[in-house]
Structure formats: C-alpha cells, structure tokens
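Numbers restart at 1 for each chain; the letters A, B, ... are given by sequence-line order, proteins then strands.
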Protein chains: 2
Amino acid sequence: MVKRVSHKDSMCGVARPLDAIGDWWSLLIVRDAFDGLRRFGEFQKNLGLAKNVLAARLRNLVAHGIMDTVPASDGSPYQEYVLTEKGRGLFPLLVALRQWGEDFFFEPDEAHVLLVDRKSGLPVRKLELRSQDGRVLGPEDTVVRPPTSSTHAWR
Amino acid sequence: MVKRVSHKDSMCGVARPLDAIGDWWSLLIVRDAFDGLRRFGEFQKNLGLAKNVLAARLRNLVAHGIMDTVPASDGSPYQEYVLTEKGRGLFPLLVALRQWGEDFFFEPDEAHVLLVDRKSGLPVRKLELRSQDGRVLGPEDTVVRPPTSSTHAWR
DNA sequence: ATATAGTGGTTGCAAGTTGAAACCTCAAGC
DNA sequence: GCTTGAGGTTTCAACTTGCAACCACTATAT
C-alpha cells in the first residue's frame, strides 16, 4: 500500500482510486468476482493467497464500497461477497489491463486467453478513448483541466 | 509488490501486467510521464516520494520496458526518463482509472480535474468496450476464452 | 583555487507490511 | 460426541518502505 496521506481530499483523481483499491490482490479479487466467484474459499483457492491477506483485502474492498457482503444464496450459514455498482465500474479498468497484457506480454504466437463477446464469440474491440464528436484520442490529444471553481483538489 | 511466482508464464493475462507495473507509485510515475515530466527531480518533487523508492521504481519500469532512459535533451549531463511504446500503451488504463475516480470518488458538486479533448476543450467520452459489430459490452456480455491451442497459460 | 549549491542518486536503519502456518469457531454430518 | 469443512484470526519471521544522511558530479560564485 502506498503512503497514506492525511486527507483523501489531497489526492488527485488517479491516486484516490488507487488508494481505494488497495493493492494488486484486490484487483485480482475483483476480476474473479466478475467471473462469478462469490465465496471466501473460492477466491482463496483460485488466487492461492494466504487467508489472512484475503480476509484483509475483502474487508478493505467492502470498506471502500467496492464489494458488499450478502447472506449466502445457497442456505449455508456463511456470507458471500458481491460487487457493488462502484465495483462493477472497474470493468473498463480490468479490460484495459487485460488488453495491455495481450498487446505487450505475449509473443504473437503464444497462446493466451482472449476476451470475447459472449454473443458472437468474436474477440472484443480495443478500448478507445473518443472525443464528444467521435475522434479517437491519444495521450497527446488530451489535457487535464483544473477545477473551474472553488475547492482545491491536487492536480 | 505481489508474491512473485516462479515463472511469469504461470501468471494470467491480468496478473502479468500488474506484476510488470510493480506498484501504485509506478502508475503515478507513468501518469506524470504522460504529462510531460522526464527528470528524476521532477518526478520526485511532483509525487513527493522518497528518492530511493523513486530510483527503484524507475529502475523497475525501465527493466520492464515501460520507460527508457535517454540523454538529457537540454545538454545537462543527466539522463531523462521517457515512455516506451509499451509504456504509452498504458494510456487507456490510466484513463479508465481516472474515469472511475471521477464517477465514484467525487461528490457531484465537488470540484475536480477533468480530462478534456485538447482540441475542443470538451470533456472526453467515457471509455466503452465494444464488440466487433459495435455493440457496447458490459461485464455480462463477455467471456474469457481459453487458448485455442497448445501451450498452457493459467486462466 | 575554493566554496556553494543543485542534480541524481545510494546506503543505513527503524517502523510498518506481508504471508505461511497454526489456531479458533461455528454448523452440519455421522 | 466426534469429525469434517468453511470461514476466518493470531502469531511471528521475513521482507519492504520511507526518512535521513551521505556521496559523486557539475556548475556557478568568491
């Protein structure tokens, strides 16, 4: 985890989300949640991380409103962990991460999992940032605009 | 940093990129690099992290081919750090992170920086994942397809 | 020539974090 | 009432982090 600053309000629009997510494990947990995993044991088995770490990460995700606990759907006396709306909002981020991985971490001929459209079975398109009028935007085409008014947020 | 697995080949398409990035600081460094920062001192001053940590992160980013060192452009005897193609490939990820932050970490009326199209000055569109035929895809509309052939990559 | 200051780091060390394993708790099955 | 399994918590050694001090090199001032 990154150095904790006194007030979250002093963190910029990139650092604040990073702080909420917590660490890499959390992101992998969220990915597994997108894949339908819900139970403590499922996450633990699939990710192979220590139980204390998993417990801490789940607590953190719940505390930040990214996941929520609900009573188990199958009548067992345990709880399950599900993504909140905020958690589901991480979908583009995970896709971006996966696509970056596909682009730069696998040899052209190396077999790897591919994200496909469930309906057509075809690979999805690359994520593209577009302007209001539809142009594809690269890093050079964008600027961060400071708040127009009053209260201070760093950068 | 996350537990290091013996072979990077045993990591899935999400974990492998995470491992390469290293930690949150690295992502903030990359963001600053997109904003035009190039020098050790600039990063250190802007992010406020310890010099040894910055040095370690930059080393890691260079080692993973995300940034590269070049001789200083201004004739000074130092080097500068610039994004490689692979590093520039992180743009969508940073945008996803920022947009998630905009959506869930600021009160509707809270002032915050906004990513705008340089040309028009208007805010950019939300990132959307689309199928080959242009439908917007959500988490439920996608599946990860295992490698069609031979070599094993986890998940 | 000598001191001073700025840049770009490295080194040492105290404090905090992580993770493997052991342990605990509760409910269900036998 | 003994065992099994799920879902954790506790313990503790190993590792990582971050502050501060230091070092090397260059440029500028005295």
Side-chain angles (χ1 to χ4, degrees), chain A residues 1-7 10-11 15 18-30 32-33 36-64 67-83, chain B residues 1-6 10-11 15 18-29 32-33 36-64 67-83:
Chain A
M1 188 110 41
V2 143
K3 181 178 58 171
R4 198 156 291 282
V5 185
S6 50
H7 269 56
S10 64
M11 288 194 277
L18 289 177
D19 184 64
I21 294 171
D23 75 352
W24 289 162
W25 283 124
S26 304
L27 222 41
L28 293 174
I29 291 167
V30 169
D32 279 0
L37 272 55
R38 305 165 66 92
R39 299 287 281 255
F40 186 94
E42 291 179 314
F43 292 115
Q44 208 232 321
K45 189 167 154 218
N46 193 54
L47 295 172
L49 82 177
K51 297 208 284 182
N52 54 347
V53 177
L54 177 57
R57 290 302 153 246
L58 286 171
R59 247 195 314 272
N60 185 71
L61 287 169
V62 170
H64 281 90
M67 301 190 79
D68 204 358
T69 54
V70 299
S73 48
D74 65 349
S76 63
Y78 305 116
Q79 50 186 352
E80 301 188 340
Y81 298 87
V82 297
L83 292 168
Chain B
M1 188 114 38
V2 145
K3 180 179 58 172
R4 195 156 292 282
V5 184
S6 50
S10 64
M11 287 192 280
L18 290 176
D19 185 65
I21 295 170
D23 77 351
W24 291 159
W25 283 125
S26 303
L27 221 42
L28 293 173
I29 292 167
D32 280 0
L37 272 56
R38 307 165 64 94
R39 300 287 280 256
F40 186 96
E42 290 179 314
F43 291 115
Q44 209 234 320
K45 187 166 155 219
N46 194 52
L47 295 172
L49 83 176
K51 296 208 285 182
N52 54 349
V53 177
L54 177 57
R57 292 298 155 245
L58 286 171
R59 248 196 312 275
N60 184 72
L61 288 169
V62 170
H64 281 89
M67 302 192 79
D68 205 359
T69 53
V70 299
S73 49
D74 64 348
S76 64
Y78 305 116
Q79 48 183 355
E80 301 188 338
Y81 297 87
V82 297
L83 291 168

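- Atom C1' of nucleotide C/dT10 and atom CZ of B/R57 are separated by 16 Å, given to the nearest angstrom.
- The shortest distance between the side-chain N/O atoms of B/R39 and the OP1/OP2 oxygens of C/dT7 is not below 4.0 Å.
- The shortest distance between side-chain heavy atoms of B/F40 and B/Q79 does not fall below 4.5 Å.
- Atoms CH2 (A/W25) and C1' (C/dA20) sit 13 Å apart, rounded to a whole Å.
- Between the side chain of A/Q44 and the backbone N or O of A/L49, at least one donor-acceptor pair lies under 3.5 Å.
- When side chains are defined from C-beta on, B/R39 counts as touching B/S76, because their heavy atoms get closer than 4.5 Å.
- Distances from the side chain of B/D23 to the nucleotides D/dT26, C/dT7, D/dT17 place D/dT17 closest.
- Residue A/E80 contributes atom CD, which lies 12 Å from atom C1' of D/dA6 at whole-angstrom precision.
- For A/F43 and D/dA6, the CZ to C1' distance is 15 Å, given to the nearest whole Å.
- A straight line from CD of B/Q44 to P of D/dA20 spans 12 Å, rounded to a whole angstrom.
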Run the side-chain contact (heavy atoms from CB on, under 4.5 Å) test on B/D23 and B/N60 for me, step by step, so that the C-alpha distance in whole Å, both residues' side-chain angles and the decisive distance to 0.1 Å come before the verdict. CA-CA 10 Å; B/D23 77 351; B/N60 184 72; over 6 Å; no
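- Whole-Å rounding puts the B/W24 CH2 to D/dT16 P distance at 18 Å.
- Closest to the side chain of A/Y78, from the set D/dG7, C/dT7, D/dG18, is D/dG7.
- At a threshold of 4.5 Å between non-hydrogen side-chain atoms, the residues B/L58 and B/T69 do not count as touching.
- A salt bridge does not link A/D74 to A/R38: none of the charged nitrogens lies less than 4.0 Å from a carboxylate oxygen.
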Taking only N/O atoms, report every protein-nucleotides 8-11 of chain D pair under 3.5 Å with atom names and distance.
residue, atom, partner, partner atom, Å
D/dG8, OP1, A/Q79, NE2, 3.3
D/dG8, OP2, A/Y81, OH, 2.9
D/dG8, N7, A/K51, NZ, 2.7
D/dG8, O6, A/K51, NZ, 2.7
D/dT9, OP2, A/R59, NH1, 2.9

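- Each of D/dC19, C/dA20, C/dA27 was ranked by its minimum atom distance to the side chain of A/A50; first place goes to C/dA20.
- The closest side-chain heavy-atom distance from B/E42 to B/D32 is not below 4.5 Å.
- One interatomic measurement links the two molecules: CZ of B/R38 to P of C/dG8, which rounds to 12 Å at whole-angstrom precision.
- When the C1' atom of C/dT18 is taken as reference, atom CG of A/L54 falls 14 Å away, rounded to whole Å.
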